Structures are given as C-alpha cells and as structure tokens.
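Shown next, in structure tokens, is the structure this report addresses.
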Amino acid sequence: MADQATIPVTVLTGYLGAGKTTLLNRILSENHGRKYAVIVNEFGEIGIDNDLIVDADEEVFEMNNGCICCTVRGDLIRIIEGLMKRRDSFDAIVIETTGLADPAPVAQTFFVDDDVRARASLDAIVTVVDARHVEARLEDSHEAEEQIAFADVILLNKTDLVDGQELERVRQRVRSINGHAKMHETQNCDVALEEVLERGAFDLDRILEIEPGFLGEEGHEHDDNIASVSLSSDAAIRPELFMPWLRKLTAQQGQDILRLKGILAFPGEEQRYVVQGVHMLLEGDHQRDWKPDEARTSRMVFIGRNLDTAALQKGFDACAVRAA
Amino acid sequence: MATLAEEQGLVHRYGRHLSLGAEPTSLLWLGTTAAVALGDGSVRWIADDEDTHETPVHAGAILTACRHPDGAAIVTGGDDGRVCRVALDGTVTELGRFERKWVEHLVASSASGLIVAGVGKEAVAWIKGARAPSHRYAVGSTVGGLALDGKGKRLGIAHYNGATLVYGTNAGSGRVALNWVGSHLACTMSSDGRYLVTALQETGLHGWQLPELRDMRMSGYSAKTRSFSWDRKGKWLATSGDMRAILWPFEGKTGPMGKAPLMLAERKGTAVTQVAFHPGGEIIATGYSDGAVLLARLADDVTILIDAGEADGRGTSITVMDWNDEGTRLGWGEENGRVGILNMETRT
C-alpha cells in the first residue's frame, strides 16, 4: 500500500483522438504550483516545454514467474527508478499511454516490481473517452473497453459533439463496463485538475458509495462484455476465510478479472483493510481506523468478463462472521 | 565498555561521513580521491583531509559513471542524454549527446581504451582516444546492462530475452545471441571472458559459459541483484540481492554449476544492496538496505562493523560502494546522500 513517502503516479489512457494530449497539456501549463515528471509515449505530441518529459517506448515484458497474464512495462520500471535519483525535482508523475495500449501492464508494474512499489504508488488511472466515437471503438477494439474498465476516473469528453439521447446511451454503456469510476462529462477535458491528480485513497472510498445491487442486476448476457460486480456484507469478514477465497478466485479467474478493489472490516480490528488487484496480482494492507460514525460495511468491486454475480456474492458471504 | 568504533563502526575512528544532499549514483576512485556522481547532475570529489569540491556536469541526474580508460578522469552519463569525460581538475569534455535519450549504462577498459554506453536500444562505442562515438550496436530492446572482459574487447549487452556478445572494438563485429526468456538487467563478465552473468527482473541470475553457451541458473534471491564484484583471481563472483552476500564459485571447468554458493555477512532484518571485494581478495565489503556497512572474511565469515548507519530507522539503502585500487580506502554512499569514507592507511 502507498505510504507517505511514495510518489503518486497518475496514468492517462484513452483511445486515439479522445483528448489525452489536451488534458496533459492542461496539467503541464496550469498554475497549480506542483511539478510533474511526465512520461509520454513516443507518438505523443506534447506542445509544452517541461523540464521533466521522458520518452517511453512501451516495452511490455512478460514476467517469467509462472503467472500467465502477468506483463509489466519494463520501460516504466527503468524510468521510475531513474527519476527517483532526482526525486527532489518533482512532486508527482504522470504517465501517458498510447491510444492502443492495454492498461494492464502499466497497472501490474505497480504491483509486481518491489523497487517501484517502494518508491511510487498508482494514484489513479484516468481514462479519456470520446463521447462521439466511443460506441464504434467499443465495437472494434478490446483496448477501448479495457481502458474504461481499468479507470478510477473517466472523462466522458467531447459531449458537445453528441445530442442528449446519444449522450445518455454512451453514459449507460460506459457505466455498464465500469460502475465504480468517478465520471466527469467534459468538452475540452475541462475538469478541475484536482479531480484527476493526486487523489490518494479517495477513489478507493468510492466503492462504499455504490449501492449494492445497482450494478449488473439486469439479466446477464453471457458474452465477452466487461461488467462490474459490487458485493457487500454488514457482518465482519474473517480474514482466515477471505484471503484463501480471494487467492483461489484470482488464481482461477484472474484472466477475466481486470481489476478488483475492496474495503473490509475484520472482526475486532479497528482499522479498515483494503485490497486491490489486477488480474492475478493482489495486494492488501491496513489503511486507517474506522471512523466512529462509519458503518463497518465490507465492500468489494470486481470488474471483468464472465463474472458470476451470484457466485461471487455467495463466496463473499461465506467469509462473513455468522450471526450468533 | 564498548567503544564508539565498536558500536557504530570503524568509520567513526578511521574515516569520515559527508552529507552530499543528493543520491549518489556512482562512486569511483582515482588514486586516493573518490569521485561521487550524484542525482543532482554534479560530481563531488573527496580527497583525504580536504573539503569536497563540486563539478557540475549534467542538467538532470547522473545515471551512470565509470572510470575513464586513461585513469585520470571519470565518464558520466545523464538523463540529459550526454556522455562526458570529467577530469580530476574539473575539466568537462562532452563525448556524445543523444537527444531525448537517457544514458543508463557505461563501461570502459584501461586495457583496450574502449568506452561503451547503453543508450536506449543501442550500445554506443568509443574506441581508444575517440572524442565522438565510433560505432554502435543495436539490440531489439532497451539495453539492461553492459559488461567487458579483462582485455576490454569482448562486450556483453543484456536486454529483454537474453544478451548479445560482440567484439566491442570492432565496428563490424559478428554477434553471438544468448537467448533466455525474461528481462535481463545488470550484467558482468569474468575477466577471462569465460562467463557472462546477468541479473533478472524476476530476481536471480542467469549465466552463460562461453564459448559453449552453456546455460546456468542461479536462483533463490529475495530481491533484484544490482551489484556484482569479482575477486582479483576470478575465483568468486559476489552478488547482492539477498539477506546475505551470495558468492558463487567460478573455479574449475564448470564454474558454479552444481555447486552451492558461499553465503556471508548476514545482517538480520536488512538486505545486502552492494558488494565490493577488497583487492586482496580475502575480504569483502557489504552494504545494506539500512545504510550499514560490514567487512566479512571469506575464510570464516567473521565480520567487522564499518558503519552501523544512522539510528532510528533513518538509514537508507547503500547505493554505491568501492575500494580504491590499493585497497587502502573504502567509499560508500546511501540513497539519502550520506557518504562514508574509511581510510585504512590512518591505522598504521
């Protein structure tokens, strides 16, 4: 888990032409008093001079660790390590990915590499979606769907180019893929930057705001579409049951689970336990004390393909302390 | 009662500490002067009983440095894409400039006069005396590490899915592809050119015995290996990446194959991040993730505390460490900019 000393990293994804570069240029040019080291892809068109722009070449490496879907961005490991030699010269890191990039290797880099984890933490994945073209993109590209699925923050951009009916349809479509991300509807990526950058644990807490049952209720089409499943339990969760369940689940269905997040109340523990995962990779840690007025509800969100809501809820419930 | 030197390390009696204010990325000796390359782009010179002086060199961080083949200077590579010769007297000569690239690896040989830099997906070579790049070898992915043999001719280039061997002094050199799945990082070659060893992203080492190309796997590490040190006779390869220094035996026809490594200088709750053989060969210096430094004797694993590091968990990883050629001085530096120099001459 992120501790105070790690550098926050924001990842910008989005299909070609969605408006990533517009957002990046805003981040670099606005007077926010923060210094960003920016890692851009080699096809990027940054119009701003920034002291710390680093070209990345998106070298995706397979980890030779027996985990079939485990890929990392080798270039990011090198670059983050190199940047840390001059860490006094920036406050946070922004990574821009190419439009065709699968976000999983970027996210997995922050789980897999111990040296990166010790120095940097993934703050948020921000996905810029082109309201006008996203429906067509979702038809012809897996990446467009995965970029939405991986997002913590979604900018539904270019809303001025669609009518009200179309916008509502797109909104629903994006929500059906990822129901837990914070969504902003924008025209030239005009969102307050504090909604995008250095959000810390805030986005994790959003999973508590989701009404259980709000997602994925309408009959499951068993197709390849990505969907979100939200689980909750008012009874405390027993770690000795929960951990093996989650490990087994991700070992068996990790290829279909793109992301998972959870906030858990363990019996008799004053601190919230948080877990995060990407495919088969998991990490968890105690986060902070439960507030006195906070309901100790344990929640989990899964985003992926072929998720069986009923089976997941049943498995989760089986980890809960039984009523006496 | 224990003396200060016993409790906090010999450096308190026979050396000194300096705070350089930036992360040391290389520490190299020119005679009795230590050159410390820093994350702020400068080189700091530390000579006996003198105040340090500073040579600004790069616009960003110095990512790598090695001794210049002429022995009177160091060569530095920065995230500003420049390769520079930096002399003891403070003269800086630019040897190369690679726009928007990082220079992440440098090796050089006093035997051949060759200098090689790892710049993106290329190994760039300067032949003896060259003031500009002489030739380049492109590999399929970013260079993860470079190594030269004792003659300074055979060059190993580590990269994704293996390594490539060339004759670094020869622009039209043939190539030997050494294939092994994985991302290969830091690398080293035995002085006789019989072994190339790389460190893997997944931790552990991979080695090739040359010229037979026989594969060797050396696993069991808890962290990535970043530091290699050969003893003078080429009998042992010491490595970082675990709670103890791991020393692989390279004597005999098959090197470490089928043999157990020697494991030395364990320090509970920390990990070895740097290793450096004393030029005499019987003693090894080990630096740890908490800023501590020990000397360990190979024969019996008896250790001497050189530096206990800063108290109350303020210590940070040792990132650089080396002996001078005579073995009279040991220098080390940690992530937070704290540098220590042990001067063994003052003992006699």
Side-chain angles (χ1 to χ4, degrees), chain A residues 3-7 35 37-46 49-68 70-90 105 108-109 111-119 281, chain B residues 21-26 37-41 58-64 77-81 99-105 118 120-121 140-145 159-161 180-185 200-204 206 217 219 222-224 226 241 271 273 289 316-317 319 335-337:
Chain A
D3 63 46
Q4 297 296 320
T6 59
I7 293 271
K35 280 181 290 180
V38 181
I39 302 172
V40 296
N41 68 76
E42 54 196 324
F43 306 109
E45 299 161 33
I46 299 296
D49 274 337
N50 189 57
D51 282 349
L52 260 175
I53 290 186
V54 187
D55 285 310
D57 41 15
E58 304 208 342
E59 289 186 307
V60 176
F61 291 167
E62 277 176 40
M63 287 294 287
N64 195 14
N65 60 0
C67 169
I68 34 180
C70 190
T71 49
V72 297
R73 284 273 305 273
D75 56 329
L76 286 183
I77 297 174
R78 286 190 300 108
I79 290 168
I80 288 170
E81 198 175 310
L83 283 173
M84 288 303 156
K85 298 181 197 300
R86 52 185 293 190
R87 73 174 292 171
D88 292 348
S89 50
F90 58 94
Q108 289 177 160
T109 301
F111 284 76
V112 165
D113 191 276
D114 289 340
D115 302 308
V116 169
R117 287 164 52 126
R119 295 170 171 82
L281 303 170
Chain B
E23 179 174 334
T25 56
S26 279
L38 296 173
D40 67 6
H58 292 272
I62 301 181
L63 297 172
T64 177
D79 65 15
D80 58 356
E99 293 297 338
R100 294 192 72 163
K101 298 270 191 210
W102 283 13
V103 181
E104 293 180 281
H105 309 279
K121 295 173 186 174
S141 57
T142 300
V143 174
H159 46 74
Y160 185 48
N161 285 341
W180 192 263
V181 177
S183 179
H184 297 255
L185 308 172
L200 288 159
Q201 163 71 29
E202 293 84 358
T203 75
H206 192 82
R217 292 176 68 184
S219 55
S222 59
K224 277 182 233 168
R226 293 168 183 278
T273 57
S289 52
T316 51
S317 278
T319 56
E335 227 167 75
N336 64 11

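Chain A is the first sequence line, chain B the second, and so forth, proteins listed ahead of strands; every chain is numbered from 1. The shown structure was predicted, so the numbers you read here are calculated from the model rather than taken from an experiment.
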Give, as side chain, backbone, both or neither, the part of L83(A) having an atom under 4.5 angstrom from any heavy atom of chain B.
both
Quick check on S141(B) against chain A: is it the side chain, the backbone, both or neither that has a heavy atom closer than 4.5 Å?
both
Might you point out which heavy atoms bring E23(B) and K85(A) nearest each other, and give the distance in Å?
OE1-CA, 3.7 Å
Suppose we screen for salt bridge (Lys or Arg N to Asp or Glu O under 4.0 Å). Which residues come up paired with E104(B), at least two apart in sequence or across chains?
R78(A)
Under 4.0 Å between a side-chain nitrogen and a carboxylate oxygen: does that hold for D114(A) and K224(B)?
no
Would you mind checking which part of A22(B) comes under 4.5 Å of any heavy atom in chain A, side chain (CB onward), backbone (N, CA, C, O), both or neither?
neither
When rounded to the nearest 0.5 angstrom, what distance separates OG in S183(B) from CD in E62(A)?
11.5 Å
Test of understanding: with side-chain contact (heavy atoms from CB on, under 4.5 Å), list the residues that count as partners of S89(A), not counting sequence neighbours.
L52(A), R86(A)
Does T142(B) offer a backbone N or O that forms a donor-acceptor pair with the side chain of E59(A) under 3.5 Å?
yes
Quick one: what part of D115(A) sits under 4.5 Å from any heavy atom of chain B, side chain, backbone, both or neither?
side chain
Rounded to the nearest 0.5 Å, what separation is found between the CD1 atom of I53(A) and the CZ atom of R100(B)?
6.5 Å
Chain B heavy atoms under 4.5 Å from V54(A): which part of the residue, side chain, backbone, both or neither?
side chain
Heavy-atom pairs under 4.5 Å with chain A, option from L185(B), L200(B), D40(B), D79(B) with the top count
D79(B)
I'd like to know which of D88(A), I79(A), I77(A) tops the heavy-atom pair count under 4.5 Å against chain B.
I79(A)
